[in-house]
Protein chains: 2
Amino acid sequence: MKGTKQPPTDVARGRPKAFDYEEALDTAMRVFWTRGYDGASLTNLTDAMGINRPSLYATFGNKEDLFQLTLERYAQQNATVFAECLSHVSARAGMDRLLREAAEAFASPANPGGCFWNQALMSCATATSKMQRHMKKMAAGFDATLVGRLERAVADGELPPGTSTTDLARYFSVVFQGLGLQARRGSTRDELHRAIDMAMRGWPT
Amino acid sequence: MKGTKQPPTDVARGRPKAFDYEEALDTAMRVFWTRGYDGASLTNLTDAMGINRPSLYATFGNKEDLFQLTLERYAQQNATVFAECLSHVSARAGMDRLLREAAEAFASPANPGGCFWNQALMSCATATSKMQRHMKKMAAGFDATLVGRLERAVADGELPPGTSTTDLARYFSVVFQGLGLQARRGSTRDELHRAIDMAMRGWPT
DNA sequence: TAATTTCTGTACCGAACGATACAACTAGTT
DNA sequence: AACTAGTTGTATCGTTCGGTACAGAAATTA
């Protein structure tokens with residue numbers, strides 16, 4: 001990540017960038033999202049981002065750094081909705097909402113389809129062990145947040161005492177990821193919502 | 001697929017192959033399964049298969065042909081268990097069984113982890129449109145089989161009349177694929193089975 | 001205006017990619 | 001034994017890969 005230069009900390013000094021940092025990162029994300037890590041070549045990336053190679057390297061480091069940055073950006077972009085869903089008074093309603101928000105994003109024609117994180121997960125076999133560790137850490141954080149919310153639900157009496165929160169969180173994780181793949185296969189948002197209706201029946205009574 | 005030569009139709013004529021056709025195909029499948037289509041280089045493949053490039057090309061065509069052959073083999077290998085599960089008198093028990101068999105395969109340490117078909121699905125963005133069509137066709141076949149079994153269940157009275165068999169099939173497809181990704185993330189078979197317990201609660205009453 | 005700083009564009013690097021030409025080799029056929 | 005069909009190993013093809021050196025362009029600073 002050395003040499004990576006974030007947006008201006010002070011005033012710009014030399015020649016100004018001819019592109020927007022975050023916009024370029026978003027575009028890169030979509031390329032990786034569509035083609036996977038290995039399938040996305042630097043030419044694919046620079047063409048889509050509208051910048052040339054040296055600019056990319058000076059700004060984002062190398063390909064792996066860029067990929068990691070897009071992953072972090074993806075997490076960051078969805079963190080707000082994620083937190084909002086889980087802050088709902090009812091854990092059940094929050095979980096339902098989370099799945100439905102995900103369905104919207106996964107099936108949105110504005111996106112490449114499915115879940116970027118799924119794509120990254122399948123792509124990371126050829127990645128550095130450092131990046132694999134990073135991804136595992138992100139995944140663990142996601143799971144932990146889910147478990148935390150469910151534990152609060154048990155404490156609140158919304159879930160029966162003795163409920164295995166890890167098992168329940170894992171179940172919803174399965175559904176979550178399944179929705180992403182199903183969306184990738186072309187399912188519409190309505191179809192995903194109907195699947196969520198059924199998935200929510202798994203909630204303990 | 002031109003130039004592809006299947007196992008001996010007549011008696012072998014020239015110099016005999018120094019490797020087993022199906023064994024080599026299995027090995028290739030595992031390489032693709034682990035690394036994805038783009039992530040698997042010909043060197044990765046030939047090294048693992050224990051054959052050299054010209055033998056690979058003479059026997060399996062090019063890289064894309066080989067990939068397609070491994071996909072077909074994967075489908076063929078699982079077709080038996082698949083059909084057996086769905087031939088159960090109870091559609092519900094059959095579906096349950098299908099998911100559990102899948103969980104075993106997805107989490108088996110003998111396999112690369114997860115579902116090869118999932119991996120292929122994410123890899124196919126860079127593939128030929130011909131191969132994408134082929135994959136869509138395979139997926140549609142899977143779905144149609146599921147729907148067919150559920151329709152029979154409606155006719156048998158196992159499912160309430162008016163049940164949307166396509167919606168139900170899609171739900172189980174979501175769970176199925178989710179299990180694959182969860183396994184890839186390292187979940188054990190027991191953990192997957194507990195997720196299936198919850199998923200089966202989505203079955204209409 | 002001169003000096004300095006930063007970014008852009010071209011042109012290229014060595015390495016790895018998918019794919020083959022070709023000769024040596026090994027079997028069955030005659 | 002001579003011939004033919006098919007496989008194997010080596011050595012290589014042209015292309016694309018990720019990554020960079022370097023000169024010129026565009027801004028701020030003095």
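Keep in mind the model is a prediction, meaning the values are calculated, not measured. A, B, ... follow the sequence lines: proteins, then strands. Residue 1 opens every chain.
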A.B. asks: A:Asn62 side chain: which of D:dG19, C:dA19, D:dG9 is closest?
C.D. replies: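 Among D:dG19, C:dA19, D:dG9, the one nearest the side chain of A:Asn62 is D:dG19.
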A.B. asks: Is there a side-chain polar atom (N or O) of A:Ser55 under 4.0 Å from OP1 or OP2 of C:dT8?
C.D. replies: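 Indeed, a polar side-chain atom of A:Ser55 lies that close.
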A.B. asks: Check whether B:Tyr37 forms a cation-pi arrangement with B:Lys63 (NZ or CZ under 6.0 Å from the six-membered ring centre, at most 45° off the ring normal).
C.D. replies: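 That pair qualifies as a cation-pi contact.
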A.B. asks: How are the rings of A:Tyr74 and A:Phe116 set relative to one another: parallel (under 30°), tilted (30 to 60°) or perpendicular (over 60°)?
C.D. replies: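 Correct class here is perpendicular.
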A.B. asks: A:Tyr57 OH to D:dG19 P: how many Å, rounded?
C.D. replies: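 Result: 3 Å.
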A.B. asks: Can you find an N or O donor on one side and an acceptor on the other, under 3.5 Å apart, linking the side chain of A:Arg53 with the base of C:dG9?
C.D. replies: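 Counting by modelled atom types and ignoring angles, no donor-acceptor contact under 3.5 Å is found here.
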A.B. asks: In this structure, how many angstroms lie between the P atom of D:dG9 and the CG atom of B:Leu56, rounded?
C.D. replies: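 B:Leu56 atom CG is separated from D:dG9 atom P by 13 Å.
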A.B. asks: A:Asp47 CG to D:dT16 P: how many Å, rounded?
C.D. replies: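 Distance check: A:Asp47 CG to D:dT16 P gives 13 Å.
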A.B. asks: Does the gap between the ring centers of A:Phe176 and A:Tyr171 come in under 6.0 Å?
C.D. replies: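 Ring centroids of A:Phe176 and A:Tyr171 are no less than 6.0 Å from each other.
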A.B. asks: C:dA19 P sits how many Å from B:Asn44 CG, rounded?
C.D. replies: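 From B:Asn44 CG to C:dA19 P: 14 Å.
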A.B. asks: Taking atom P of C:dC17 as reference, at what distance in whole Å does atom CZ of B:Phe67 sit?
C.D. replies: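 Atom-to-atom, B:Phe67 to C:dC17, this comes out as 17 Å.
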A.B. asks: According to a strict under-4.0 Å criterion, is B:Thr43 in side-chain N/O contact with OP1 or OP2 of C:dC17?
C.D. replies: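 The answer is yes; a side-chain N or O of B:Thr43 sits under 4.0 Å from OP1 or OP2.
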A.B. asks: Does this structure show an ion pair linking B:Arg73 with B:Glu22, if we count only N-O contacts that are shorter than 4.0 Å?
C.D. replies: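 The answer is yes: the pair qualifies as a salt bridge.
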A.B. asks: Between A:Leu42 (CG) and C:dC13 (C1'), how many Å, whole number?
C.D. replies: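 To the nearest whole Å, that distance equals 14 Å.
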A.B. asks: Does D:dT8 have OP1 or OP2 under 4.0 Å away from a side-chain N or O of B:Asn52?
C.D. replies: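 No, outside the criterion.
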A.B. asks: Would you classify A:Pro16 as touching base, sugar-phosphate or nothing, given that sugar-phosphate means primed atoms plus P, OP1 and OP2, and contacts are heavy atoms under 4.0 Å?
C.D. replies: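 If one applies the 4.0 Å heavy-atom cut-off, A:Pro16 turns out to touch the sugar-phosphate alone, with no base involved.
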A.B. asks: For A:Lys17 and D:dT28, what is the distance between atoms NZ and P respectively, to the nearest whole Å?
C.D. replies: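 Spelled out: NZ on A:Lys17 to P on D:dT28 is 15 Å.
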A.B. asks: Examine distances only and state if a side-chain atom of A:Arg194 and a backbone atom of B:Asp167 form a donor-acceptor pair shorter than 3.5 Å.
C.D. replies: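 Judged by distance alone, no pair lies under 3.5 Å.
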A.B. asks: Between A:Asp38 (CG) and D:dC17 (P), how many Å, whole number?
C.D. replies: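 So the two atoms are 12 Å apart, to the nearest Å.
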A.B. asks: Just to confirm, is there a sub-4.0 Å distance from OP1 or OP2 of C:dC17 to any side-chain nitrogen or oxygen of B:Ser41?
C.D. replies: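 Yes, because at least one side-chain N or O of B:Ser41 sits under 4.0 Å from OP1 or OP2 of C:dC17.
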A.B. asks: If you check the A:Lys63 side chain, which of C:dA19, D:dG18, C:dT20 turns out closest?
C.D. replies: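 Selected nucleotide (nearest to the side chain): D:dG18.
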